[in-house]
Amino acid sequence: MRKALILFILGAWIFCASGPLQAEWHSATADSRYRIERATDAPAAAQAGYFLLWPNDRAISNTCLEVFSMNGAPVGYRILWSAEGAPLKVLFDSSRQEAAYYVYTGPGPVKPPDWTPRSGLILETRKRAEGEPTNAAAIRKICEASGPVLGRSLVPDIFLGIHPHGPNADFVSILNGFFSADQAGGYDFATLSEDASCLWVDGKIVAQWPGCHGIQEGRRGQRHGRINLAAGLHRIEYFNVKKGPGYTIEAAWRPPGQALFDVI
């Protein structure tokens, strides 16, 4: 089970020097305010929210962003991705469990506060660096040395066959996120991929499939490993090095007492 995020929807107000919104304005520098409201199907206890924001005719590089609770308390956030001509992808701290928050924008660069999300799954892809992915350490080293970054997105699981940030050739995938183990015990994790991949849980290598290859010899979870986990929240990291065209990555698990692997 992955830790869920809350999806929020936006409405916008433009600040005026006077008017009914003046007393509630929480930013000293912003010129626009957006109200974001919890989606009707959002999980009740999600610890992170997510929204897309198109600033008002202002370049992304010259946009300052602030997030506040309904009563004006500052809220931590993280810019997941920004690029000129595209919306800002924003994660923020929704642990207050409020039904709505305010987002302010104004002139100046984004200066996110110190906050790290503890839920969700982030996919980052980069132009592939050279190197031979002969084992898990080499796979990770190639991914971390690769660049530039092609894009970042939230994904629901590690189960992709299309590169969402560009052509399906010569790139690496880096996935970071969290999942919840319902019970303590031995968990099996498997990787299925075109070309080299490895899967880490709580900073430990659990499964790997190095080298350049197709997916046939991993379809039944052959490339797997086991780790003992306590019940609760755990971190997952997944790396894939793709040489040439094509793209398939999948991470699956087999919790205690379960006979078959499922996509995490």
Side-chain angles (χ1 to χ4, degrees), residues 2 4-15 27 29-39 41-42 46 48-68 75-94 100-117 119-129 143-177 238-240 242 245 247 249:
R2 64 187 171 86
L5 288 93
I6 303 176
L7 177 64
F8 281 73
I9 56 178
L10 290 88
W13 290 263
I14 305 300
F15 175 64
S27 171
T29 59
D31 53 24
S32 299
R33 181 172 77 171
Y34 304 81
R35 176 187 169 97
I36 56 176
E37 299 181 352
R38 182 193 299 263
D41 60 349
Y50 173 67
F51 62 88
L52 302 178
L53 176 66
W54 284 262
N56 288 318
D57 297 325
R58 179 182 286 117
I60 292 294
S61 58
N62 189 37
T63 298
C64 181
L65 186 70
E66 298 172 279
V67 183
F68 291 88
V75 172
Y77 69 91
R78 174 181 171 183
I79 302 297
L80 182 62
W81 182 248
S82 65
E84 298 300 342
L88 284 167
K89 297 179 180 180
V90 184
L91 292 169
F92 72 98
D93 183 1
S94 63
Y101 295 80
Y102 286 119
V103 179
Y104 293 81
T105 62
V110 173
K111 296 179 180 179
D114 185 15
W115 175 74
T116 300
S119 63
L121 180 64
I122 297 171
L123 167 68
E124 176 177 304
T125 60
R126 305 179 182 182
K127 184 67 176 176
R128 179 179 58 83
C143 288
E144 292 177 344
S146 293
V149 175
L150 302 174
R152 297 186 192 93
S153 296
L154 282 176
V155 292
D157 44 42
I158 305 175
F159 186 61
L160 293 107
I162 296 175
H163 179 201
H165 308 138
N168 274 21
D170 294 315
F171 65 100
V172 303
S173 298
I174 303 171
L175 292 106
N176 287 279
Y238 187 96
F239 300 88
N240 171 244
K242 185 72 198 75
Y247 187 46
I249 59 172

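Sequence positions, counted from 1, serve as the residue numbers for this chain. We use all heavy atoms of the structure for the numbers below, so side chains are in, but hydrogens, waters and symmetry mates are not.
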Side chain N62, main chain G108, donor-acceptor under 3.5 Å:
yes
Where the side chain of S94 meets the backbone of A46, is there a donor-acceptor pair that is under 3.5 Å apart?
yes
Can you confirm whether [X] sits close enough to [Y] that some side-chain heavy atom of one is under 4.5 Å from a side-chain heavy atom of the other?
X: V90; Y: Y50; result: no
X: L88; Y: I79; result: yes
X: F68; Y: Y104; result: yes

Taking the six-membered ring for Trp, are F171 and H163 parallel (under 30°), tilted (30 to 60°) or perpendicular (over 60°)?
parallel
Roughly how far, to the nearest 0.5 Å, is the [atom2] atom of [Y] from the [atom1] atom of [X]?
X: L123; Y: L175; atom1: CG; atom2: CG; value: 4.5 Å
X: L154; Y: L91; atom1: CG; atom2: CG; value: 5.0 Å
X: I174; Y: I122; atom1: CD1; atom2: CD1; value: 12.0 Å
X: I36; Y: L53; atom1: CD1; atom2: CG; value: 9.0 Å
X: K89; Y: L80; atom1: NZ; atom2: CG; value: 6.5 Å

Judged by modelled atom types alone, do Y247 and S173 share a side-chain donor-acceptor pair under 3.5 Å?
yes
Taking all heavy atoms of [X] and all of [Y], pick out the closest pair and write down the distance.
X: V67; Y: V103; value: CG2-CG2, 4.3 Å
X: E124; Y: R152; value: OE1-NE, 2.7 Å
X: S119; Y: A48; value: OG-CB, 3.2 Å
X: R126; Y: E144; value: NH1-O, 3.1 Å
X: L65; Y: Y77; value: O-OH, 2.7 Å
X: N168; Y: G161; value: ND2-O, 3.4 Å

Applying side-chain contact (heavy atoms from CB on, under 4.5 Å) to N176 and L121, what does each step give before you reach the verdict?
CA-CA 6 Å; N176 287 279; L121 180 64; 6.0 Å; no
Trace of the side chain to side chain donor-acceptor pair (under 3.5 Å) decision for K127 with S146
CA-CA 6 Å; K127 184 67 176 176; S146 293; over 6 Å; no
Taking the ring of Y101 and the ring of F92, is the distance between their centroids below 6.0 Å?
yes
Decide side-chain contact (heavy atoms from CB on, under 4.5 Å) for W81 and V149; before the verdict, give the C-alpha distance in whole Å, the side-chain angles of both, and the deciding distance to 0.1 Å.
CA-CA 10 Å; W81 182 248; V149 175; 3.7 Å; yes
